[in-house]
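Just so you know, residue 1 is the first one in the sequence shown, and it goes up from there. Both counts, for ligands and for their atoms, begin at 1 and track the order of listing. What's counted below: heavy atoms across the whole structure, side chains too, no hydrogens, waters or symmetry copies.
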Amino acid sequence: MNSAVHKLNIVLLGAPGSGKGTQADRLCEKLGLTHVATGDLFRENLRNETELGKLAKSYMDKGILVPDEVTIAMVKDRLMRPDIEGGVVFDGFPRNQTQAEALSAMLAEMGQQVNAVVYIRVADDEIVERLSGRLICRRCQASYHKKFNPPKVEGVCDVCGGELYQRADDNPETVRTRLETYKEQTAPLVEYYQKAGLLVEVAGEGTLDEVTERLLAAVDGKVAG
Ligand code: AMP
């Protein structure tokens, strides 16, 4: 695929901890796209103590979805910024059918569309292990794992030198709810996008490089084919 293809919009689907955030960053770098992660946008609002952040917190702490109208309005706002010109990798959005329909409508208004949806499949027990060891950079949101992908210097982000922390919602109880929420509300999008002819599935196990290669090949196949 020509990486200079314009307005490529990719959705990454997968359970929490399936590697969407890490792989989204890598895809963006390879394909010149912009990473839009609704979880990151909510956490940014939380840090800045905005009204949106305060509202989102009550849902995030429980591991359930922030209401659709709030989430969709936030994404709409994000898509107004000029940096999304070349296209977007959506991570954590859409998370249900209402959001999927809203995304298509928003992109259509901009003369664009979802070009490919990549479902990153990871076994349940691996998900729990990944989330319990996950570390995130406070500054740039880069994601690490204590065992599988440790930073070069403990507690410090390789990318920007920011401080690493464990997300409050990566505790066992909230993880359980997040996985249930995912299964009930987000997993049905796999079939939804399959029917739309946009879905391609990749195995999320293996090294980060292996998964990135699979993702690139999957996007390539979908966009070219
Ligand atoms: P994430 O960083 O994607 O794991 O998201 C963390 C939390 O933010 C989720 O458990 C939800 O509470 C909230 N969130 C993120 N994305 C969405 C979305 N698309 N719709 C509703 N809530 C979301």
Once you restrict to heavy atoms under 4.0 Å, what part of Asn96 touches ligand 1? Side chain, backbone, both or neither. neither
What protein heavy atom lies closest to atom 22 (N) of ligand 1? Include the residue and the distance to one decimal. Val66 N, 3.0 Å
Tell me, which protein residue and heavy-atom name are nearest atom 20 (N) of ligand 1, and how many Å apart are they? Gln99 NE2, 2.9 Å
Work out which heavy atom in Asn9 is nearest to a heavy atom in Val88; give both atom names and the distance. OD1-N, 3.2 Å
Is the shortest side-chain N to carboxylate O distance from Arg176 to Glu173 below 4.0 Å? no
Distance under 4.0 Å to a non-hydrogen atom of Arg43: what atoms of ligand 1 satisfy this? 2 (O), 6 (C)
Taking only heavy atoms of Arg178 into account, list the atoms of ligand 1 that are under 4.0 Å away from them. 4 (O)
Using a heavy-atom cut-off of under 4.0 Å, does the side chain or the backbone of Thr71 touch ligand 1, or both, or neither? side chain
Check the orientation of Phe148 and His145. Use parallel for under 30°, tilted for 30 to 60°, and perpendicular for over 60°. parallel
Mark yes when over 12 heavy atoms from residues, nucleotides or ligands other than Glu205 sit less than 6.0 Å from its CD; otherwise mark no. yes
Are Arg178 and Asp170 within salt-bridge range, i.e. N to O under 4.0 Å? yes
Got the closest protein heavy atom to atom 12 (O) of ligand 1, with its distance? Ile64 O, 2.6 Å
Heavy-atom contact check, 4.0 Å cutoff: does Lys20 meet ligand 1? no
Can you give me the closest heavy-atom contact between Pro94 and Tyr193, atom names plus distance? CG-OH, 3.3 Å
Shortest protein contact, atom 5 (O) of ligand 1 (heavy atom only): Arg95 NH2, 3.5 Å
Which pairs pass salt bridge (Lys or Arg N to Asp or Glu O under 4.0 Å) with one or both residues in residues 192-204, sequence neighbours excluded? Arg121-Glu201, Glu191-Lys195
Which residue and heavy atom of the protein sit nearest atom 6 (C) of ligand 1, plus the separation: Arg167 NH2, 3.4 Å
I want to know if ligand 1 touches Asp91 in the polar sense, i.e. an N/O pair below 3.5 angstrom. no
Is Pro94 close to ligand 1, meaning an N/O of one under 3.5 Å from an N/O of the other? no
Got a second to check how far Tyr182's OH is from Leu13's CG, nearest 0.5 Å? 6.0 Å
Applying a 4.0 Å heavy-atom criterion (strictly less than), which segment of Gln185 is in contact with ligand 1: side chain, backbone, both, or neither? neither
Is Arg78 salt-bridged to Asp83, going by a charged N under 4.0 Å from an acidic O? yes
Tell me, which protein residue and heavy-atom name are nearest atom 23 (C) of ligand 1, and how many Å apart are they? Phe42 CE1, 3.6 Å
